[in-house]
There are 2 protein chains.
Amino acid sequence: MEGDKIDRPARKPRADAQRNRALLLQAAKTVFAEKGAEASLDEIARAAGVGAGTLYRHFPHRDALIEAVYRNEMEQLAQAAERFSEALPPVEALRAWMLLFVEYMGTKHAMAAALTSLSRGPGELYAASGARLQATIDQLAENAVRSGEVRLEIEPLELLRAIAAVASVGAGPDWEANARRLVDILIAGIRARPE
Amino acid sequence: MEGDKIDRPARKPRADAQRNRALLLQAAKTVFAEKGAEASLDEIARAAGVGAGTLYRHFPHRDALIEAVYRNEMEQLAQAAERFSEALPPVEALRAWMLLFVEYMGTKHAMAAALTSLSRGPGELYAASGARLQATIDQLAENAVRSGEVRLEIEPLELLRAIAAVASVGAGPDWEANARRLVDILIAGIRARPE
DNA sequence: TGTTAAACGGAGGGTGTCTCCGTATATAAG
DNA sequence: CTTATATACGGAGACACCCTCCGTTTAACA
């Protein structure tokens, strides 16, 4: 039920397929940045110079495309988490990372909407990037809890969701200030009181 | 440029118009509950037994419909805020109201997505219900700040946005526990430290 | 009962999603 | 360089949705 891969010799992946995939990612990144994560997929296909069918073959649903586009960013975030964890005390690392997260929401602000879009639907199979993000925040949270400075009865990912919500909407021009302030509120809120 | 209202005698509003409006609201409430705030407007019109044109005449955009549908709920929330403010110390009132807010997100869980949908777009003219909600939370927040127990450098509405985000997604079945916990985190986070 | 302003309905144009299948082509074998 | 074939391509087309437009209907008033 598993080992069905080396059955046949298996060909080398076709060059044009790889090229088209790259073109699609390139185009998607541009278009998402321009028009947000709700941009038309057909338009992306057009921008990439391929047919609609090709797009859907490579990325069956919108989420698959979104995920692929932002995989890099997710990876960078994950790596930043490691750096912070080494250089800072756990709670500070968590805070610093959340602030970085806010910043990312800003630059690739399609990403925020993307996050929302990703986890929509009835518990769909989480895209891999979502899992990566979850693992990252879970690790940071766990470290913080272990340090004893923090109590956390909430799913850590939910903290990110909260931040993303504030950061996503065009709301005021102060969205970033608000988001950064929210980070501090959250951090203060989860700090275990001496009491 | 302004006083143009009592110019002509003005007729009584047509009965069918009022009836259709009611039918539409009824249908919209049902359909939104079933399929979320992104449900097809044509479908709502169909469910109400009226033509699409009629729907759009009464509610020019989706937000207008959403707002009308949830106006009651908003009103109830606003009134609850007053009650809480009289019966509880300011910070407790704020907390209690936020928890009630979470509960509302649950029952009419289309409302959460609605909130998101409401404020989308580039700072559109806030629908009236949005304004009501904002006024409510602003008042509660101001009371809390005045009491000296709380510092608040964030736009109070953003706190709601954060809560709504956690409460909206189908995420886990523990969304409600998470949301309630978030309320406590936020409250703790904005409490001014004696320091 | 007639007049008229108000409201209705639904066809239709524009856009977006996603599928299907005949055609093209990169790879591997001879 | 052929030939064979798995693989991928493209874009037409079926379907859903949004929203407008305008000829027709109907409620209110005289």
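Here the structure is a predicted model, which is why all the values come from computation and not from measurement. Side chains included, hydrogens not; waters and symmetry mates left out as well; all remaining heavy atoms used. Quick note on labels: first sequence line is chain A, next is B, and so on, each numbered from 1.
- Side-chain N or O atoms of B:W97 include none that pairs as donor or acceptor with a backbone N or O of B:E82 at under 3.5 Å.
- At the phosphate of D:dC9, OP1 or OP2 sits under 4.0 Å from a side-chain N or O atom of A:H58.
- A:R62 contributes no side-chain N or O that forms a donor-acceptor pair with the base of C:dT17 under 3.5 Å.
- A donor-acceptor pair under 3.5 Å is absent between the side-chain atoms of A:R180 and the main chain of A:E103, judged by distance alone.
- With a 4.5 Å cut-off on side-chain heavy atoms, B:I137 and B:F101 do not count as touching.
- The listed nucleotides are C:dT17, C:dA28, D:dA28; the one nearest the side chain of B:A15 is D:dA28.
- The side chain of B:K12 sits closest to D:dA28 out of D:dC18, C:dT17, D:dA28.
- Residue B:R14 places no side-chain atom within donor-acceptor reach of the base of D:dT25, judged by atom type and a 3.5 Å distance cut-off alone.
- Residue B:S40 places at least one side-chain N or O closer than 4.0 Å to OP1 or OP2 of D:dC18.
- Between B:L23 atom CG and C:dC8 atom C1' the separation is 13 Å, expressed in whole Å.
- Here D:dA8 presents its P atom at 14 Å from CG of A:L24, a figure rounded to the nearest Å.
- Straight-line distance from the OH atom of B:Y56 to the C1' atom of C:dA7: 18 Å, rounded to whole Å.
- Of the side-chain N and O atoms in A:N20, one or more sit less than 4.0 angstrom from OP1 or OP2 of D:dC9.
- In this model, the phosphate group of D:dA8 is not approached by any side-chain N or O of A:T54 to a distance below 4.0 Å at OP1 or OP2.
- When distances are taken from the side chain of A:R11 to each of D:dC18, D:dC9, C:dT27, the shortest belongs to C:dT27.
- In this structure, the CZ atom of A:R19 is 11 Å from the C1' atom of D:dA8, given to the nearest Å.
- The distance between atom CG of A:L41 and atom C1' of D:dC15, rounded to the nearest whole Å, is 16 Å.
- At whole-Å resolution of the value, CZ in A:R46 and P in D:dA12 are 12 Å apart.
- At a threshold of 4.5 Å between non-hydrogen side-chain atoms, the residues B:F32 and B:V69 count as touching.
- Between the CD atom of A:Q18 and the P atom of D:dA8 there is a distance of 10 Å, rounded to whole Å.
- Rounded to an integer number of Å, the gap from CD of B:E38 to P of C:dT17 is 14 Å.
- DNA chain D is contacted by both A:G51 and A:D42; A:G51 maps to the nucleotide lying nearer its 5′ end (nearest heavy atom per residue).
- For B:Q26, the CD atom is loosely surrounded, since the number of other residues' heavy atoms within 6.0 Å does not exceed 12.
- A:D16 comes within 4.0 angstrom of the backbone, heavy atoms only, and of no base.
- Judged by distance alone, with hydrogens and angles left aside, the side-chain atoms of A:R181 form no donor-acceptor pair with the main-chain N or O of B:L152 at under 3.5 Å.
- When heavy atoms are screened at a 4.0 angstrom cut-off, B:P13 is found touching the sugar-phosphate backbone but no base atom.
- Between B:R57 and C:dC8, a side-chain N or O to OP1/OP2 separation shorter than 4.0 Å is present.
- Within the nucleic acid shown, B:A52 comes within 4.0 Å of at least one base atom, counting heavy atoms only.
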